[in-house]
Every structure is written in structure tokens, then in C-alpha cells.
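A quick write-up on the structure given underneath.
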Amino acid sequence: MYLAYIPSPSRGELPLGPIPLRGYAFCIIIGVFVAVWLGNKRWIARGGRAGTVADIAVWAVPFGLVGGRLYHVITDYELYFSEGRDWVDAFKIWQGGLGIWGAIALGAVGAWIGCRRRGIPLPAYADAIAPGIAVAQALGRWGNWFNQELYGRETHLPWALHITSDEGGRVPGYYHPTFLYESLWCIGVALLVIWADRRFKLGHGRAFAVYVAAYCVGRAWIEYMRVDDAHHFLGLRLNDWTALIVFLLAVAYIIVSAKKRPGREEIVEPEADVPGGPDAEAASPEAEEPVEGAKAEGAKTEGAKAEDTKAEDAKAEDAKAEDKGGATAAPKAAGEDKAAAGASSKSAPTARES
């Protein structure tokens, strides 16, 4: 008898009129919103503009969903294309079945398209959204709980997951809740990336590489506990091999990138730093006051210049008047000198005659 366990939901959907709200889809949608919200905050902190993360997510999310579904269908093709199976079920994404490896790979293609359209470097965008992706995975894993899937080996632990459905080859019982293990691991990965990014000023895609490497470590041991059908190579499940290869690639990228491009990008979104650009319209009133003050000072300077000009004109008028007065006095003096000379000439003969 089990005194404590995690119960499974009695149903995986909640009817809302003609459209049922499926728990699997709801968890994914919530995860996307949280990832965009957290990514937006980190993008603004790095010098980007608000709303850029959401604009690029419009490209990344659909690509990611398609990529995740393709990876699942290709690696588990017998579920849809073997004898007695209906290939149309491959399109029923709400029934579960998304491969994170395909979601990240094709989602990166969509993000690249969105970044290219806005002139933004993809590595800087990836660094900003890395913790948000980990949180989105943590929330999305609860969709597996709604669908009663992806559980581990049988256990008697008090946090065992009680599986009640017998559909699809399930055997009711108590199993390791691997969905919960991965959910908690992803929360830890998100916190690790945020801490490492602040501590080491990661840039040029290295924060995203830390997320990838840390997730692969957790996925490897969690995958080893799962009991659902999977392809095996050399005794390991396909996803274990994938996790190992991707982990090595992520570590190699961190090492090589740190040597070639150390530090962090100074500018992540060129438009956010252009004077008079879109952000200039949102300037605060405090920023406008110095401009008004400068205009007032300019007006005062113009007024002072006008006063100086008037003073100079007045001095010029006085100088002209003095020049005119001097010119009139000169002929008078010359006439007086001439009259004196005439008088002297008349008196001179008289003096001689006496």
C-alpha cells in the first residue's frame, strides 16, 4: 500500500464549449509566454529594445513546434507508419510527441530569420532567451503528466507517479515521475545560466551554450530511467547518444568562442542606439528640460547681441557728428587767419610812412 504518491489527472483536457483546452497544449503555451517575458527583460538589460524578443519569437516558435514534431515522428516513425497505424496521427500534436532536439534546431532557424530581418546578431539573442527556454521546458514537461506519459521505472518512493491509464500499452502502477525530475532540472539550468551570465559576463552565444550543455547532462541520466519504447544503439537509448554529442559540441563552442571572441557584445540592437531613432520619441520630460533651457539661453544671447549692436551704432553716430563739427570749425579758423593777415598787411605801410 502506498501512503504517498503523485496522482495522475483523470483527464487530459478541460472542455470549454466547442473547443477543449488540452493540458499538454496549455503547458506549452504558458511556457512560451514565460520564455518571451523573461527573454524580453534580459534583452532590455543588454541594451535592446522592448518587444524585439516577441517579434523574433513569432518566427522561432512555429519553426520550433514543427521541428520538435518532425524529430519525434522521424525517430518514432513506427507509431505512425507501421502496419495498423494511421499516418494522420502524426499531425495530432496535442496528443503529445515533441522532440526538444528538433525544436531547438529548427527553432534556431526561425530565430535566425527574425534576427536577420532586424539586423540583430543571433548569438546575442540566444543568450538573452536561454534561461527562458529552460523555464519553458520545465513548464512544458507537465504536459506529459496530463497525458500520463514519459515516466520511469517502477518505484516505491513516496513521490512515485500513479499511472491509471492502460491505453497505448501502459501498465497501471507506480513509477518514477521522470517528467518531474526533468522539470526541476530545467529550473536549475535556468538559474545556473542566469548566475553564470552575471558572474562571467557571457556573450556571443556562450550563455546559450551553457544552457545546452547543462540540459544535456540532466537529460542523459533522466533518459536512462525511462521505460517507454525507444531506439537503442550500443546499449544506450537514442536520446542518450544525442545528449552526449550535443553536450560535447556545446562545450567545444564555449572554449573556442571564448578564445576568438572574449567578452560580451557592446551593442546588441543597433537601432536602439541611433540618435533621433524610434526610441528618441519616448524621451522623458526631464530629458526635454535641458533642451528648453538651452533655447532660453540662446534667446538671451541673441538679445545681448542686439543690445551690443545698438550700442555700436550709437557710437558710430557720435563719431560722425564729431567729424562733421570738426570739419565746420576748420574753415572758420582759416577765415579768421586770413582776416588777420589782411589787417597786418594794411598797417605795415602806415608804419613805414611815419
Side-chain angles (χ1 to χ4, degrees), residues 24-44 46-76 90-94 96-141 143 186 189-190 193 197 202-216 219 239 242-243 245-246 249-250 253 257 265 268-272:
Y24 187 84
F26 180 74
C27 291
I28 293 177
I29 293 172
I30 294 298
V32 170
F33 275 100
V34 172
V36 171
W37 171 79
L38 181 56
N40 184 66
K41 290 178 67 67
R42 287 173 51 80
W43 184 252
I44 294 174
R46 289 196 172 208
R49 297 174 57 192
T52 297
V53 170
D55 292 342
I56 298 177
V58 172
W59 289 89
V61 172
F63 273 74
L65 291 175
V66 173
R69 189 59 175 178
L70 282 175
Y71 181 88
H72 167 72
V73 172
I74 292 173
T75 56
D76 292 308
F91 297 96
K92 298 179 180 180
I93 192 173
W94 56 87
L98 288 175
I100 185 61
W101 314 112
I104 294 297
L106 206 56
V109 175
W112 176 79
I113 295 174
C115 288
R116 185 177 177 83
R117 290 169 60 89
R118 298 182 69 97
I120 294 172
L122 176 61
Y125 179 81
D127 285 340
I129 64 173
I133 294 177
V135 175
Q137 288 179 253
L139 295 172
R141 273 307 177 196
C186 287
V189 170
V193 174
D197 192 25
L202 301 176
H204 302 287
R206 287 187 288 276
F208 185 82
V210 169
Y211 145 72
V212 173
Y215 172 74
C216 288
R219 181 60 184 266
N239 283 329
T242 305
I245 295 173
V246 175
L249 291 175
Y253 179 86
S257 174
E265 301 90 341
V268 297
E269 189 168 4
E271 292 184 3

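Note that the coordinates shown come from a computational prediction; the quantities given were computed from them, not determined experimentally.
- Nearest heavy-atom pair, Y215 versus R141, reported as atom, atom and distance to 0.1 Å: OH-NH2, 4.4 Å.
- Taking the side chain as every heavy atom from C-beta outward, R219 and I100 approach each other to under 4.5 Å.
- By the 4.5 Å heavy-atom criterion applied to side chains, I133 and I104 are counted as neighbours.
- The closest donor-acceptor contact from the side chain of N40 to the backbone of G51 lies under 3.5 Å.
- The shortest heavy-atom contact between V268 and G48 is CG2-N, 3.7 Å.
- A salt bridge links R46 to D197: one of the charged nitrogens lies within less than 4.0 Å of a carboxylate oxygen.
- Between L202 and D127 there is no side-chain heavy-atom pair separated by less than 4.5 Å.
- Annotation: side chain of I56 is not in contact with side chain of W43 (no heavy-atom distance under 4.5 Å).
- A distance of 9.0 Å separates OH in Y71 from CG in D76, rounded to the nearest 0.5 Å.
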When you look at Y125 and V53, which way does the side-chain contact (heavy atoms from CB on, under 4.5 Å) test go after all the steps? CA-CA 8 Å; Y125 179 81; V53 170; 3.9 Å; yes
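- Atoms CD1 and CG, from I93 and L65 in turn, are 5.0 Å apart once rounded to the nearest 0.5 Å.
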Would Y24 and L98 satisfy side-chain contact (heavy atoms from CB on, under 4.5 Å), going step by step from the backbone distance to the final call? CA-CA 11 Å; Y24 187 84; L98 288 175; 3.6 Å; yes
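- Taking every heavy atom of both residues into account, A108 and L122 meet most closely at O-CD2, 4.3 Å.
- E269 contributes a side-chain N or O that, together with a main-chain N or O of R49, makes up a donor-acceptor pair within less than 3.5 Å.
- Taking every heavy atom of both residues into account, V193 and A130 meet most closely at CG1-CB, 4.3 Å.
- Closest of all the heavy-atom pairs between A190 and P131 is CB-O, 3.6 Å.
- Summarising the geometry of G31 relative to A136, their closest heavy-atom pair is O-CB, 3.3 Å, with the distance given to 0.1 Å.
- To the nearest 0.5 Å, the span separating CZ on R69 from CG on L106 amounts to 14.5 Å.
- Side-chain atoms of I113 and F63, non-hydrogen and from C-beta on, do get closer than 4.5 Å to each other.
- The shortest side-chain heavy-atom distance between W59 and R116 does not fall under the 4.5 Å cut-off.
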